[in-house]
Amino acid sequence: MKETIYTIPVNEVYETDCECPLCELEKKLERDAIEFSLGGAMMEPDFRLISNEKGYCINHYRMMFKTPSKLQMALVLDTHLMEIRKTLSELESLPQLNETDKKGFLKKGNVGDAVQKISKSIEKTQTSCVICDKINDTMARYVDVLLYMWANDEVFKEKFESSKGVCLKHFKMLVDGATTSLKGDNVKTFLNALIKKESAELDRIQEDIHNFTLKFDYRNQDMPWGTAKDSPKRTIEKLGGYMENEE
Ligand SMILES: [Zn+2]
Ligand SMILES: [Zn+2]
């Protein structure tokens with residue numbers, strides 16, 4: 001069996017009743033990573049270096065902003081901003097923006113080149129995120145052990161079969177992972193089982209969200225809500241992954 005630090009959480013989460021066990025794992029990873037970034041990480045120079053260089057995506061800045069750790073958040077921003085300003089001053093002295101021809105004009109090709117360089121450099125500040133990297137890395141391991149257990153552990157396979165499927169974001173992760181983590185016929189068998197399960201679960205979700213709309217017709221006033229009441233949230237989360245942590 002592969003490392004238990006990954007198999008145990010995957011096994012445990014498949015024992016809970018939820019729309020996407022992988023979302024549940026990701027939610028916990030995200031919560032822990034936010035807490036670490038504003039807590040224990042303060043004492044870890046190696047992490048601070050990476051945090052200063054990469055920064056965070058807007059989603060994770062928002063989550064950090066909502067915590068009471070204002071000083072820690074400010075320290076993170078202060079040192080990350082220093083790095084960004086360093087990058088900006090490097091861009092300022094790009095030769096393409098400073099070399100001129102005999103008449104004092106910038107060369108046309110050089111300007112285009114500089115624009116690309118600046119644009120790429122700024123794009124990186126918007127897309128790179130220490131927390132996203134950490135989550136993606138660990139989620140890839142979870143997917144790998146999930147597929148390993150599906151192929152080698154009958155008890156887990158049954159749990160997988162009786163789950164409510166996954167969200168479409170993690171559906172894609174499982175599909176992509178199947179070709180790298182499974183071998184031979186298992187790839188085909190898994191993909192078929194996954195699609196069959198997901199179709200059945202999406203049928204269920206569709207029924208719920210449809211019943212939700214029917215409840216708005218006065219003729220259906222007395223119709224019981226059944227499982228439809230929280231279906232808008234569950235439908236969105238099934239389509240795109242969980243919405244923000246409710247904290
Ligand atoms: Zn999910
Ligand atoms: Zn992020």
Side-chain angles (χ1 to χ4, degrees), residues 1-33 35 131-212 224-247:
M1 192 51 94
K2 297 204 176 186
E3 314 105 291
T4 45
I5 63 160
Y6 298 109
T7 55
I8 290 171
V10 175
N11 245 317
E12 276 179 1
V13 81
Y14 264 89
E15 278 158 21
T16 62
D17 179 24
C18 61
E19 288 291 351
C20 177
L22 289 170
C23 273
E24 294 303 315
L25 288 170
E26 194 174 307
K27 236 185 265 183
K28 186 176 181 313
L29 280 177
E30 189 172 49
R31 225 173 9 231
D32 291 350
E35 204 184 295
I131 292 183
C132 282
D133 285 356
K134 166 87 186 135
I135 291 173
N136 292 339
D137 188 52
T138 312
M139 286 309 291
R141 284 161 197 258
Y142 280 148
V143 165
D144 185 46
V145 295
L146 186 157
L147 292 164
Y148 178 85
M149 289 194 289
W150 178 87
N152 297 285
D153 178 348
E154 279 306 317
V155 181
F156 181 76
K157 197 181 232 170
E158 273 169 38
K159 283 186 203 170
F160 184 85
E161 278 307 316
S162 54
S163 73
K164 289 180 169 168
V166 285
C167 71
L168 292 184
K169 172 179 148 183
H170 291 126
F171 182 85
K172 182 184 182 304
M173 269 188 98
L174 288 174
V175 171
D176 294 340
T179 48
T180 47
S181 304
L182 296 173
K183 289 189 187 83
D185 267 2
N186 265 341
V187 179
K188 192 179 68 189
T189 316
F190 174 77
L191 290 177
N192 279 328
L194 178 69
I195 293 171
K196 195 169 164 230
K197 160 129 285 288
E198 197 69 4
S199 300
E201 299 304 325
L202 291 185
D203 288 353
R204 172 180 57 82
I205 291 279
Q206 176 103 64
E207 199 180 322
D208 279 350
I209 196 74
H210 188 66
N211 283 339
F212 187 94
W225 274 102
T227 51
K229 206 158 193 172
D230 65 346
S231 61
K233 181 171 188 276
R234 281 190 294 112
T235 308
I236 292 171
E237 295 193 328
K238 204 73 173 177
L239 294 171
Y242 67 93
M243 291 191 272
E244 216 178 311
N245 272 316
E246 303 96 22
E247 278 177 58

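Every heavy atom of this structure was used, including side-chain atoms; hydrogens, water molecules and symmetry mates were not.
With a 6.0 Å cutoff to the six-membered ring centre and a 45° limit on the axis angle, K27 counts as a cation-pi contact of Y242.
Nearest heavy-atom pair across V10 and M149 is CG1-CE, 3.4 Å. Heavy-atom minimum distance, V13 versus T16: O-OG1, 2.7 Å. In terms of heavy atoms, D230 sits closest to T227 at OD1-O, 3.7 Å. Heavy atoms only, all atoms of each residue included: A178 and L191 are closest at CB-CD2, 4.0 Å. Residues V166 and Y14 approach most closely at CG1-OH, 4.1 Å, considering heavy atoms. Between L22 and M139 the shortest heavy-atom distance is O-CE, 3.3 Å.
Here the NZ-NZ distance, from K164 to K238, works out to 8.0 Å after rounding to the nearest 0.5 Å. One finds the SG atom of C18 at 10.5 Å from the CD atom of E237 (value rounded to the nearest 0.5 Å). One finds the NE2 atom of H210 at 11.5 Å from the CG atom of D208 (value rounded to the nearest 0.5 Å). Atom CD of residue E26 and atom NZ of residue K169 lie 3.5 Å apart, to the nearest 0.5 angstrom. Expressed to the nearest 0.5 Å, how far CG of N136 lies from CD1 of I131 amounts to 12.0 Å. Note: L182 CG to D144 CG = 9.0 Å, rounded to the nearest 0.5 Å.
At a threshold of 4.5 Å between non-hydrogen side-chain atoms, the residues M243 and I236 count as touching. Residues E198 and L168 meet the side-chain proximity criterion, which asks for heavy atoms closer than 4.5 Å. Side-chain contact between R141 and D137 is present, with at least one heavy-atom pair separated by less than 4.5 Å.
Remark: E207 CD is loosely packed, at most 12 non-hydrogen atoms of other residues, nucleotides or ligands lying under 6.0 Å away.
Side chain of K197 to backbone of S163: a donor-acceptor contact under 3.5 angstrom is found. Side chain of T179 to backbone of D176: a donor-acceptor contact under 3.5 angstrom is found. Proximity of a side-chain donor or acceptor of E19 to a complementary backbone N or O of C167 within less than 3.5 Å is not detected.
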Please evaluate residues Y148 and T7 with respect to the criterion side-chain contact (heavy atoms from CB on, under 4.5 Å), reporting the C-alpha separation (whole Å), side-chain torsions for both, the decisive distance (0.1 Å), and the verdict.
CA-CA 9 Å; Y148 178 85; T7 55; 5.9 Å; no

Carefully, step by step, assess L25 and L29 under the rule side-chain contact (heavy atoms from CB on, under 4.5 Å).
CA-CA 6 Å; L25 288 170; L29 280 177; 5.6 Å; no

Checking side-chain contact (heavy atoms from CB on, under 4.5 Å) for the pair I209/R234: CA distance, chi angles, key distance, verdict?
CA-CA 9 Å; I209 196 74; R234 281 190 294 112; over 6 Å; no

Which is it for W150 and T189 under the side-chain contact (heavy atoms from CB on, under 4.5 Å) test, yes or no, and what are the steps along the way?
CA-CA 11 Å; W150 178 87; T189 316; 4.1 Å; yes

Step-by-step ring-ring contact (aromatic ring centres under 6.0 Å, His included) determination, F160 to F190
CA-CA 11 Å; F160 184 85; F190 174 77; 5.7 Å; yes

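Ring geometry for W225 against F212 counts as tilted: the plane angle lies between 30° and 60°, on a 0 to 90° scale.
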